[in-house]
Amino acid sequence: MIRLFNTYSRELEEFAPLNPPEVSMYTCGPTVYSHAHIGNFRAYIFEDLLQRHLESSGFNVHRVMNLTDVDDKTIRGAREAGVSLGEFTAPFKRAFFEDLETLRIKRADDFPAATDPQYISRMIAMISQLMAHGFAYQAEDKSIYFRIKVFPEYGKLAHLNLDELRPSGRVRSDEYEKENIGDFALWKAWDEADGDVSWDSPWGRGRPGWHIECSAMATALLGEQIDIHCGGVDNIFPHHEAEIAQTEGVTGKKFVRYWLHCAHLLVDGQKMSKSLGNFYTLRDVIGRGYTGREVRYALLRVHYRAPLNFTFEGMDEARQALTRIDEWLARLHECCATPPLARENESQPARFRNFFDALDDDLNISGALGFLFESIRETNRALDAKQLSADEARTWLESWRRVNQVLVLEESSAATLSPEIEILARQREQARASKDFRRSDELRNELNARGYDVRDTKDGQKITRRGNAQP
RNA sequence: GGCGGGGUAGCCAAGUGGUAAGGUCGCGGUCUGCAAAACCGCUAUUCGCGGGUUCGAUUCCCGCCCCCGCCUCCA
């Protein structure tokens, strides 16, 4: 039984999709005005973990992630770059997909973009219905706003008392045209700053508000009711609140059954911000010599509802922990390669049950990893004592494959050594054969300096590439 | 001010009404030509603070402190 914390109820709830084993899942994606930062990816990795765990539990997940390719920032960026909106966002979309690949995040089934004509027309259709039902109105500035006072549920997800809302500095001064300060834009009338970015609508030229795109794309691709909707905690209000109001205003049905929100990533204990100089894109971290799977581990290992403090010390810890897994797998593979010594036990005990049980409990990844590392120590102990049979090793590896389908942390391939490294390795073998330890140690230092670990075993030296090794 | 999420060893982090998983770092040991890896041992009498309930609380209740976030388009 999988239990998930639903933001709506603020309680752990047993997960039961509407039409099992199908699960519909909508995840708020990036705004493609720059490279996504590691805080964004923390959320996407959490969603990836959720999807993969659900799939490993027998569900078929249909996941949608939207790309916001029209908003104030993309329009401004395009104007400043002197290119069309599409030309401006295209490279960031491409980069985003590359980053997903780097982090081994499973691609969603659909990545709808807000500017896709079919979704623009769907947004317009939804807004028309909201207008017809009295949920929306056109203000003096020609923009269309959602009238929150006719939707009593508004504020329930965030548990906000709307009468007590404090105007913050982010309220635009020109919004006095709205009936209520909390009313949000469904359709923004064109203004000069928008340049040539506009679409025709029954209310005049303009562009969609941010919130409506998710309502339109989610219902288009997943239906009027979806099982899971994820995002960062900062999306709870107003974005997800607005999505509920718009969608339910149109359909009259409960929009989302489980709302899951990921806590923020902090950097050095503070919110990431460009002015503090602690703002990192994935590319920045990769540029410091870390691999995608190291970043994946670092962002994955903390429970999604707890704040995660990103540090490079944490990256090094991730590297070490992964090396431990790599070494363990290498030993198991080696153990399999040896012929069976005795009659093998035919029973294949299920391993890692506790790992999956922990994930069932609202994705308790820390607990799950704890069980994984306990298993690693136990098997290593048995390997040291030569008490692990080849068959048992195979069972562990098979069980690991299931675990790795969720974690996706296995080293992708045993990278072949470059000719240069190969030569150093051979020279060192020769030095050792002639007991020239001085030369042997020099060569080891040389290999270490190039990012390779050298170990001498009874079967000869073993050379492994560290995460930060130069290819 | 309102609404959330956190405060557990140097760092990261599980967890339970019955006496603290795991990772990482550090130290000692086994192994090794020396290392490395692996294993063994050590490293929180204590879980933000103060009360209360209880035979017993880190875990439940009350109050307080600190950190982070949201409060109208930031994952």
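Basis for what follows: all heavy atoms, side chains included, without hydrogens, waters or symmetry-related copies. Labels below follow one simple rule: chain letters A, B, ... track the order of the sequence lines, proteins then strands, and each chain is numbered from 1.
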Interatomic distance where [atom1] belongs to [X] and [atom2] belongs to [N] [whole Å]:
{"X": "A:Asp384", "N": "B:U32", "atom1": "CG", "atom2": "C1'", "answer": "14 Å"}
{"X": "A:Ile463", "N": "B:A36", "atom1": "CD1", "atom2": "P", "answer": "16 Å"}
{"X": "A:Lys435", "N": "B:C34", "atom1": "NZ", "atom2": "P", "answer": "12 Å"}
{"X": "A:Phe355", "N": "B:G15", "atom1": "CZ", "atom2": "P", "answer": "15 Å"}
{"X": "A:Asp234", "N": "B:G69", "atom1": "CG", "atom2": "P", "answer": "11 Å"}

What nucleic acid atoms does [X] come within less than 4.0 Å of, heavy atoms only: base, sugar-phosphate, or nothing?
{"X": "A:Arg432", "answer": "base"}
{"X": "A:His303", "answer": "sugar-phosphate"}
{"X": "A:Ser440", "answer": "base"}
{"X": "A:Phe437", "answer": "base"}
{"X": "A:Asn364", "answer": "sugar-phosphate"}
{"X": "A:Asn380", "answer": "sugar-phosphate"}
{"X": "A:Gly39", "answer": "base"}

Should the side chain of [X] and the base of [N] be counted as holding a donor-acceptor pair, with the cut-off at 3.5 Å?
{"X": "A:Arg444", "N": "B:A35", "answer": "yes"}
{"X": "A:Asp441", "N": "B:G33", "answer": "yes"}
{"X": "A:Glu374", "N": "B:G22", "answer": "no"}
{"X": "A:Asn309", "N": "B:C12", "answer": "no"}

Paired with [N] by Watson-Crick or G-U wobble geometry, both distances under 3.5 Å: which nucleotide is it?
{"N": "B:U72", "value": "none"}
{"N": "B:A21", "value": "none"}
{"N": "B:G33", "value": "none"}

For [Y] together with [X], are the ring centres under 6.0 Å from each other?
{"X": "A:His261", "Y": "A:His240", "value": "yes"}
{"X": "A:Tyr44", "Y": "A:Phe96", "value": "yes"}
{"X": "A:His35", "Y": "A:Phe92", "value": "yes"}
{"X": "A:His211", "Y": "A:Phe184", "value": "yes"}
{"X": "A:Phe310", "Y": "A:Phe312", "value": "yes"}

Considering only atom P, compute the distance from B:C66 to B:G50 and round it to an integer number of Å. 16 Å

Side-chain N or O of A:Gln320 less than 4.0 angstrom from OP1 or OP2 on B:G23?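 Indeed not, no polar side-chain atom of A:Gln320 lies that close.
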
